[in-house]
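Okay, here's the structure, questions in a sec.
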Amino acid sequence: MSLKKIGAFGTALAASFALAYGVAHAVAPDSARAGGRTSAHADTGGHGGDEHGGEQHGGGAAAAAHTPGGLQVSERGYTLDLLTPRLTAGKDSVLRFAVRDAHGHPVTSYRAEHEKELHLIVASRDLTTYRHLHPVRAADGTWSTTTALPEAGTYRVFADFTPAAERDGLTLGTDLAVSGTYRPATPPAPAPTASVDGYTVRLGGTLRAGEESELTFTVTRDGRPVTTLQPYLGAYGHLVALRSGDLAYLHVHPHQEAHGTETSGPAVSFTAAAPSAGTYRLFLDFRTGDKVRTAAFTVTAR
């Protein structure tokens, strides 16, 4: 995501989750109502570091002091221009947008990050719906992708990218209105396991505010370890974390890749530090049987 390559959710949300090592920004397809997804090496919104999306490897407390990515529609002279400001719930719709430079011109040249020029995350304000998308760019700089959002309400759109003229990536965010009958919802209560398509994912570890900790996701099916995880956008797992309340956005990537010890399961581990105490939703993307699946968790950082 930045979004594997996870992508994600994402573009920056982070500078808050100082995490450790970089793997793929896995951008999950237009996949489903968030019931469970996650990943690992933290890549903060407004990435501040290396050539692969500026992932931040610094200490937890220092990183947590930075403003998380995805909270601003404009940053460093770039603006996210949502050309489709509203959609209709439950219908396949084309979402169009552009990234504009300081002169108002659409950006047409990007650095590829985890096999993609831009990663797009869409999440409902109540954090019950999550999409990790791969938009397509036209020659004029306009991006588009088709998606269907199941419920009416306000959504946050995050664009995670690195312009070719820049060394560091950034994540910009803006709101999207989805019309229809609105039914307020709250994120599920914290739980150590999540299920998706017959797979069970168990989360081990505790997310801490301003302090690095290891999060490990173990994938099983029918009680047996899954050792056939497939690479997706360059990694075996991709994690996007969103903070409840303001939807501050953070990418996390599996730290195994940084050490050259990646395996195909059943466990994928990440190092992360939450920017503050509070409730977060973790969306883990993993691929099996040539299909990307997402497991979602609600966690409390203290």
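Only heavy atoms go into these numbers, but all of them, side chains included; no hydrogens, no water, no symmetry mates. Index from 1, following the sequence.
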Query raised in the report: Please walk me through it: do T79 and V99 pass side chain to side chain contact (heavy atoms under 4.5 Å, CB included)?
Result: CA-CA 6 Å; T79 299; V99 176; over 6 Å; no
Query raised in the report: Salt bridge or not for K291 and D197, using N-O below 4.0 Å?
Result: yes
Query raised in the report: When you measure from the side chain of R125 to the backbone N and O of R156, does any donor-acceptor pair fall under 3.5 Å?
Result: no
Query raised in the report: Is any side-chain heavy atom of L203 closer than 4.5 Å to a side-chain heavy atom of P192?
Result: no
**Report entry** Nearest non-hydrogen partners of G278 and Y280, listed with the distance
**Finding:** O-CD1, 3.5 Å
Query raised in the report: At their closest point, which heavy atom of G141 faces which heavy atom of P106, and how far apart are they?
Result: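 Smallest interatomic distance, heavy atoms only, reads CA-CB, 4.1 Å.
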**Report entry** Heavy-atom donor-acceptor pair, R131 side chain to A148 backbone, under 3.5 Å
**Finding:** yes
Report task. Taking the side chain as every heavy atom from C-beta outward, state whether P275 and R243 have any pair of such atoms under 4.5 Å apart. Result ->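 Side-chain contact under 4.5 Å: yes.
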Query - Reported NE2-to-NE2 distance for the pair H134 and H119, which is rounded to 0.5 angstrom - result: 6.0 Å
Query - Full working for side chain to side chain contact (heavy atoms under 4.5 Å, CB included) between T162 and D168 - result: CA-CA 6 Å; T162 303; D168 297 334; over 6 Å; no
**Report entry** Considering all heavy atoms, the nearest A139-T108 contact
**Finding:**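 Closest pair (atom of A139, atom of T108, distance): O-CG2, 3.8 Å.
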Report task. Scan side-chain atoms only and decide if R281 and T298 contain a donor-acceptor pair under the 3.5 Å cut-off. Result -> yes
Report task. Return the minimal non-hydrogen interatomic distance between T227 and P266, and the atom names on each side. Result -> CG2-CD, 4.0 Å
Query raised in the report: Considering all heavy atoms of both residues, which atom of A277 and which atom of A209 are nearest to each other, and what is their separation?
Result: N-CB, 3.5 Å
Report task. Could you point out which residue of D126, V178, L95, D175 forms a side chain to side chain contact (heavy atoms under 4.5 Å, CB included) with Y155? Result ->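 Considering D126, V178, L95, D175, a side chain to side chain contact (heavy atoms under 4.5 Å, CB included) with Y155 is found only for V178.
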Query raised in the report: Does V201 reach the side chain of F297, with side-chain heavy atoms less than 4.5 Å apart?
Result: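 A side-chain contact exists here, since the closest heavy-atom pair is under 4.5 Å.
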Query raised in the report: Going through the checks in order, is the side chain to side chain contact (heavy atoms under 4.5 Å, CB included) test met by T174 and F158?
Result: CA-CA 7 Å; T174 191; F158 303 96; over 6 Å; no
Query raised in the report: Side chains of L282 and V299: closer than 4.5 Å at any heavy-atom pair?
Result: yes
Query raised in the report: So how far is it from S195 OG to R202 CZ, rounded to the nearest 0.5 Å?
Result: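 Here the interatomic distance stands at 10.0 Å.
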Query raised in the report: Measuring from E166:CD to R76:CZ, what's the distance to the nearest 0.5 Å?
Result: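 If I round to the nearest 0.5 Å, the distance is 5.5 Å.
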**Report entry** Atom pair CG (L229) and CZ (F217), whose distance is rounded to the nearest 0.5 Å
**Finding:**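 One finds 13.0 Å between CG of L229 and CZ of F217.
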Report summary line: Minimal heavy-atom distance between L118 and P135, with the atoms involved, is CD2-CG, 3.6 Å
Report task. List the steps and the verdict of side chain to side chain donor-acceptor pair (under 3.5 Å) for Q230 and Y236. Result -> CA-CA 6 Å; Q230 298 171 310; Y236 285 106; over 6 Å; no
**Report entry** Contact check, side chains of V73 and L172, non-hydrogen atoms, under 4.5 Å
**Finding:**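 A side-chain contact under 4.5 Å is absent here.
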Requested in this report: If the plane angle is over 60° it's perpendicular, under 30° parallel, otherwise tilted; pick one for W143 and F97.
Outcome: parallel
**Report entry** Side chains of S269 and L215 in contact at under 4.5 Å (non-hydrogen atoms)
**Finding:** no
Query raised in the report: With distance as the sole test, does T220 use its side chain to make a donor-acceptor pair with the main-chain N or O of R224 at under 3.5 Å?
Result: no
Query raised in the report: Are the charged groups of D285 and R293 less than 4.0 angstrom apart, N to O?
Result: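 No, this pair does not count.
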Query raised in the report: Given side chains that start at C-beta, do those of L83 and T142 come closer than 4.5 Å, heavy atoms only?
Result: yes
Requested in this report: Evaluate the criterion side chain to side chain contact (heavy atoms under 4.5 Å, CB included) for residue pair T288 and V226; output intermediate values, then yes/no.
Outcome: CA-CA 9 Å; T288 58; V226 174; 4.2 Å; yes
**Report entry** Between NZ on residue K116 and CZ on residue R137, distance to nearest 0.5 Å
**Finding:** 12.5 Å
**Report entry** Main-chain N/O of K91 paired to S93 side chain as donor or acceptor, under 3.5 Å
**Finding:** yes
Report task. Report the distance from atom OG of S109 to atom CD of E117, rounding to the nearest 0.5 Å. Result ->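 Reported value, rounded in 0.5 Å steps: 7.0 Å.
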**Report entry** Side-chain heavy atoms of T147 within contact of D92, under 4.5 Å
**Finding:**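 Of all side-chain heavy-atom pairs linking D92 with T147, none is under 4.5 Å.
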